[in-house]
Colleague: 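Here it is: the structure, laid out below.
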There are 2 protein chains.
Amino acid sequence: MSSAASGDSTRDKILRAGEKLFAADGFDRVTLRQIAREADQRNVAAVQYHFGSKAGLLSAIVDDHRIEIDDRRAELLEKAEKDGVNGDFATLLSILVDPLAAKLDSPAGRAYLRIQAQGLTNSEMRPATRSLIGRIGRHLDELEPTARTASHRGRFALLLLFHALADRAGQESSGRARRADRAAFVAELSASLRGLMSA
Amino acid sequence: MSSAASGDSTRDKILRAGEKLFAADGFDRVTLRQIAREADQRNVAAVQYHFGSKAGLLSAIVDDHRIEIDDRRAELLEKAEKDGVNGDFATLLSILVDPLAAKLDSPAGRAYLRIQAQGLTNSEMRPATRSLIGRIGRHLDELEPTARTASHRGRFALLLLFHALADRAGQESSGRARRADRAAFVAELSASLRGLMSA
DNA sequence: GATAGTTTGATACGCGTGTTTTAATCGAGC
DNA sequence: GCTCGATTAAAACACGCGTATCAAACTATC
């Protein structure tokens, strides 16, 4: 309930510390003591108190962002359906891509992208982001059934989407990529996805 | 020196056990005791003896496969250069894709693909597979410089290549995908990469 | 068949982990 | 100003980790 307001309560500090460290080092390598230190907390049990467990902290981090992304997507999708643009491939693609790509704007968002990609690779957190993607997928199916249905393209597109954004997030957070190039990056990614789906 | 001959020496059993467990659970989650058990070894220090450390075991696993893949690629590339086909995009792409995709054939190869994808996400083992890819990349640059150079497409292609294969490897190893579909999968992947690069 | 070298087995060590527990501190509300 | 719930601190816990050590078993060479 409080998560959206990014105050500096201890809970929020732990959340941001976890984000940062999980993204940079990987969930398994990060210690609760590291997190406490990063959050200016002398208490090694702070994570247990506020989130129950290390896994609980991960869920809190991921859910926060995922919910915001899905809300934004639902909003855009409803608008598109109302405008009767649900036959427009580019529109549907941007509904899929843009709210995720917007996560590149903040350090917290970039951390989320990297964490989500870790989860994809290690085959967990599968329910994440699923519902909305399914709904958009159905629209895409109506559009060009042969290009998507029963083929692997949809899955490829999802893999590329997440991993490319995570890769970019890592580069920006480590200074290996400049923020100014971001628009070009997103445009390239969208074009690549378009090309991938309709080759 | 001995790795190619997949005998059932203790060393090889440990190597295969590590492959299997690293791929399924992730490098960090796997303990040396699990590996020893999986290798029918009562000795918990067997990994230290044969590979020095847990990291040494990982290197041994990855290097074995990577060397074989790069050798195969070099072979195909030389043949293509001799035939003067180095202007053929499809040929170059298949040199990049086929030796990797061939890894889907064996359980050990599938494990390698998943492990390599983990490494990509967690940003290590970067030197891996680099040399050959660079050489092929130069050929691609000569072909259509605008489509690759200074754009993000090359990186996208690499990400998709590795993660799609790792994803497929995971599905096959867990029975969620049938081996019969593999040819179609590889064809789809190649087509997707082609579409991605030239959209 | 004794011997040197290599491999395997078994045990122990030191340490860091996530978590639990208990005590101290804080902050409203009356 | 006191009280009580919520939060932070501090210490301890049980456990599993990677590693080191040393003895036993095996293997080949002469």
Side-chain angles (χ1 to χ4, degrees), chain A residues 1-64 115 118-119 122 124-125, chain B residues 1-64 115 118-119 122 124-125:
Chain A
M1 164 158 302
S2 63
S3 56
S6 64
D8 54 351
S9 72
T10 297
R11 201 193 115 102
D12 290 335
K13 287 205 283 188
I14 291 175
L15 224 141
R16 284 199 294 268
E19 258 171 7
K20 177 177 171 180
L21 295 174
F22 287 161
D25 283 1
F27 177 77
D28 290 317
R29 296 179 125 88
V30 176
T31 300
L32 294 186
R33 284 163 176 83
Q34 282 180 265
I35 294 174
R37 196 180 325 134
E38 177 81 24
D40 288 321
Q41 205 72 10
R42 272 183 245 267
N43 184 8
V44 295
V47 168
Q48 270 81 8
Y49 178 77
H50 287 283
F51 301 95
S53 68
K54 193 182 176 184
L57 172 58
L58 177 62
S59 296
I61 292 171
V62 169
D63 289 351
D64 268 13
I115 293 170
Q118 289 172 26
N122 298 306
E124 315 144 22
M125 78 173 79
Chain B
M1 162 152 307
S2 63
S3 55
S6 64
D8 55 350
S9 72
T10 298
R11 201 193 115 100
D12 289 336
K13 286 206 282 188
I14 292 175
L15 223 140
R16 283 199 296 268
E19 257 171 7
K20 177 177 172 181
L21 294 174
F22 287 161
D25 283 1
F27 177 77
D28 290 319
R29 297 179 124 88
V30 176
T31 74
L32 296 185
R33 284 165 176 82
Q34 280 181 267
I35 294 174
R37 196 181 324 135
E38 178 80 24
D40 287 321
Q41 205 72 9
R42 273 183 243 266
N43 185 7
V44 295
V47 169
Q48 269 84 5
Y49 179 77
H50 286 284
F51 301 94
S53 68
K54 192 181 176 187
L57 172 57
L58 177 63
S59 296
I61 293 171
V62 169
D63 289 351
D64 269 11
I115 293 170
Q118 290 173 26
N122 297 307
E124 315 146 22
M125 78 171 81

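Atom set for the values below is all heavy atoms of this structure, side chains included, hydrogens, waters and symmetry mates excluded. Lettering follows sequence order; numbering is per chain, from 1.
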Colleague: Atom CG of A:Asp40 to atom P of D:dT8: distance rounded to whole Å?
Modeller: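 Interatomic distance, CG of A:Asp40 to P of D:dT8: 12 Å.
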Colleague: Atom CZ in A:Arg42, atom CZ in A:Arg37: separation rounded to 0.5 Å?
Modeller: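 Rounded to the nearest 0.5 Å, the CZ-CZ separation comes to 13.0 Å.
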Colleague: Between protein and nucleotides 18-20 of chain D, what N or O pairs are separated by less than 3.5 Å?
Modeller:
from, atom 1, to, atom 2, distance (Å)
D:dG18, OP1, B:Lys54, NZ, 3.3
D:dG18, OP2, B:Leu32, N, 2.9
D:dG18, N7, B:Arg33, NH1, 2.9
D:dG18, O6, B:Arg33, NH2, 3.0
D:dT19, OP2, B:Gln48, NE2, 2.9
D:dT19, O5', B:Gln48, NE2, 3.4

Colleague: Closest approach to the side chain of B:Arg42, judged atom by atom: which nucleotide of D:dT8, C:dA10, C:dT6 is it?
Modeller: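 That would be C:dA10.
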Colleague: B:Gln118 side chain to B:Phe27 main-chain N or O, any donor-acceptor pair under 3.5 Å?
Modeller: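 Confirmed, B:Gln118 side chain pairs with B:Phe27 backbone.
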Colleague: May I ask you to establish whether A:Lys54 and A:Phe22 are in a cation-pi arrangement, using a distance under 6.0 Å from NZ or CZ to the six-membered ring centre and at most 45° from the ring axis?
Modeller: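 Geometry flag: not set, cation outside 6.0 Å or 45°.
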Colleague: Nearest 0.5 Å, please: how far is CG in B:Asn43 from CD1 in B:Ile14?
Modeller: 8.0 Å
Colleague: Got a second to check how far B:Lys13's NZ is from B:Ile35's CD1, nearest 0.5 Å?
Modeller: 14.5 Å
Colleague: I want to check something: taking the side chain as every heavy atom from C-beta on, are B:Leu32 and B:Gln48 in contact at a cut-off of under 4.5 Å?
Modeller: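 Side chain of B:Leu32 against side chain of B:Gln48, heavy atoms only: contact under 4.5 Å found.
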Colleague: OP1 or OP2 of C:dT8 less than 4.0 angstrom from a side-chain nitrogen or oxygen of B:Thr10, does that happen here?
Modeller: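 Checking C:dT8 against B:Thr10, a side-chain N or O does come within under 4.0 Å of OP1 or OP2.
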Colleague: Keeping the roles fixed (side chain from B:Ser9, backbone from B:Asp12), state whether a donor-acceptor pair exists under 3.5 Å.
Modeller: yes
Colleague: Is there a side-chain contact between A:His50 and the phosphate of D:dA6, meaning an N or O under 4.0 Å from OP1 or OP2?
Modeller: no
Colleague: Could you list all N or O pairs between the protein and nucleotides 22-27 of chain D that sit under 3.5 Å apart?
Modeller:
none

